[in-house]
Amino acid sequence: MNLQNYTEVAFSALSQNETFARAVVASFAAQLNPTIEQLSDLRTAVSEAVTNAIIHGYEQDASKLVRMECRIDGDILTVTVRDDGCGIADIALARRPFYTSKPELERSGMGFSVMEAFMDQVQVESVPGKGTTVTMSKQIRHGD
Amino acid sequence: MEINAQKRGSKLYAALTGELDQHSAEKVRIMLDTLIHDITVRELTLDLSGVTFMDSAGLGVVLGRYKKIQMRGGKVIVTGVSASVDRIFRMSGIYTLVERR
């Protein structure tokens with residue numbers, strides 16, 4: 001059976017919503033019967049994308065909204081995290097391990113590297129001044 | 001996030017409990033820096049066995065404390081590292097700086 005399912009949430013660009021975003025993805029993914037490790041991977045990758053949207057995209061402006069969409073197509077879970085914030089001028093540079101535009105926040109610069117390691121595919125689209133969309137997918141094999 | 005700390009001589013042991021993400025990182029940073037403000041601390045052990053979630057923000061916190069302790073010639077040790085946290089630590093190369101026990 002080719003299961004298809006979809007949900008979306010929007011939340012204020014506040015760092016306390018990182019826990020909420022992780023819980024949404026974990027709850028939605030539960031129907032695919034993921035392993036503990038797969039759930040942990042999803043939670044970690046989503047946390048990185050949401051953190052980027054909040055602290056980079058929106059510069060922690062709580063009046064702005066982060067939008068997250070979760071989609072299931074068969075055994076593939078796809079999560080899209082979108083902000084209408086400042087955007088990324090050089091995506092290749094932003095994705096480079098250890099690169100951070102905010103060293104003063106003690107950011108490790110490993111956010112995109114973690115997303116890439118914990119998901120099967122990570123796609124980043126960004127327009128400076130318009131916003132950034134991160135689309136990540138992972139195959140969830142039943143009882144694997 | 002809670003931190004339980006014990007100091008014995010120049011060694012400080014800090015057990016972290018809870019979620020370590022960008023939201024809690026600032027608070028954890030301040031709590032740990034208050035503890036290692038005592039310059040007699042030369043060895044900091046971070047026990048992560050009670051950490052239920054950690055992403056790269058946590059890596060930033062550990063690296064930041066390493067830089068402070070290393071400046072005074074001390075060392076940082078991590079224990080109780082979960083498989084997920086270990087993966088983040090390994091990809092960052094942090095084990096060349098911080099010892100895992």
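Protein chains get the first letters and strands the later ones, always in sequence-line order, with residue 1 at the start of each. When reading the values below, keep in mind they use all heavy atoms of this one structure, side chains included, and skip hydrogens, waters and symmetry mates.
Contacts of A:Phe118 with chain B are made by both backbone and side-chain atoms, with heavy-atom separations under 4.5 Å. Heavy atoms closer than 4.5 Å to chain B are found nowhere in A:Ile54, neither backbone nor side chain. Within the 4.5 angstrom heavy-atom criterion, only side-chain atoms of A:Asp41, from C-beta onward, approach chain B. B:Ala83 does not touch chain A: none of its heavy atoms, backbone or side chain, sits under 4.5 Å away. Both the backbone and the side chain of A:Ser47 come within less than 4.5 Å of a heavy atom in chain B.
Looking at every heavy atom in both residues, B:Ser56 comes nearest to A:Arg107 through OG-NH2, 3.8 Å.
The neighbour count for A:Ile36 CD1, taken as heavy atoms of other residues, nucleotides or ligands under 6.0 Å away, does not exceed 12. Enclosure of atom CD in A:Glu104 by more than 12 non-hydrogen atoms of other residues, nucleotides or ligands within 6.0 angstrom is indicated. The number of heavy atoms from other shown groups lying within 6.0 Å of CD (A:Gln121) does not exceed 12. Crowding of B:Glu99 atom CD: a count of heavy atoms from other residues, nucleotides or ligands under 6.0 Å exceeding 12.
Residues A:Leu14 and B:Met1 do not share a hydrophobic cluster, defined by chaining ILVMFWY side chains whose heavy atoms lie under 4.5 Å apart. Neither B:Val62 nor A:Leu105 shares a network with the other; the hydrophobic side chains, linked directly or stepwise wherever heavy atoms of I, L, V, M, F, W or Y lie under 4.5 Å apart, form separate groups for each. No continuous path of ILVMFWY side-chain contacts below 4.5 Å connects A:Tyr99 to A:Ile88, so the two sit in separate hydrophobic clusters. Linking ILVMFWY residues whenever their side-chain heavy atoms come closer than 4.5 Å, directly or via other members, places B:Met31 and B:Leu46 in the same cluster. With hydrophobic clusters built from ILVMFWY side chains whose heavy atoms lie under 4.5 angstrom apart, B:Val98 shares a cluster with B:Met91.
When each of B:Arg29, B:Met54, B:Arg87, B:Lys67 is checked for heavy-atom pairs under 4.5 Å with chain A, B:Arg87 comes out on top.
The CD1 atom of B:Ile88 lies 6.5 Å from the CD atom of A:Glu48; values are rounded to the nearest 0.5 Å.
Using a 4.5 Å cut-off between non-hydrogen atoms, the part of residues 16-27 of chain B that approaches chain A consists of B:Glu19, B:Asp21, B:Gln22, B:His23.
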Check the pair A:Ser40 / B:Phe53 against side-chain contact (heavy atoms from CB on, under 4.5 Å), numbers first and verdict last. CA-CA 8 Å; A:Ser40 170; B:Phe53 176 84; over 6 Å; no
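Residues B:Asp55 and A:Val114 have side chains not in contact (no heavy-atom distance under 4.5 Å, counting atoms from C-beta outward).
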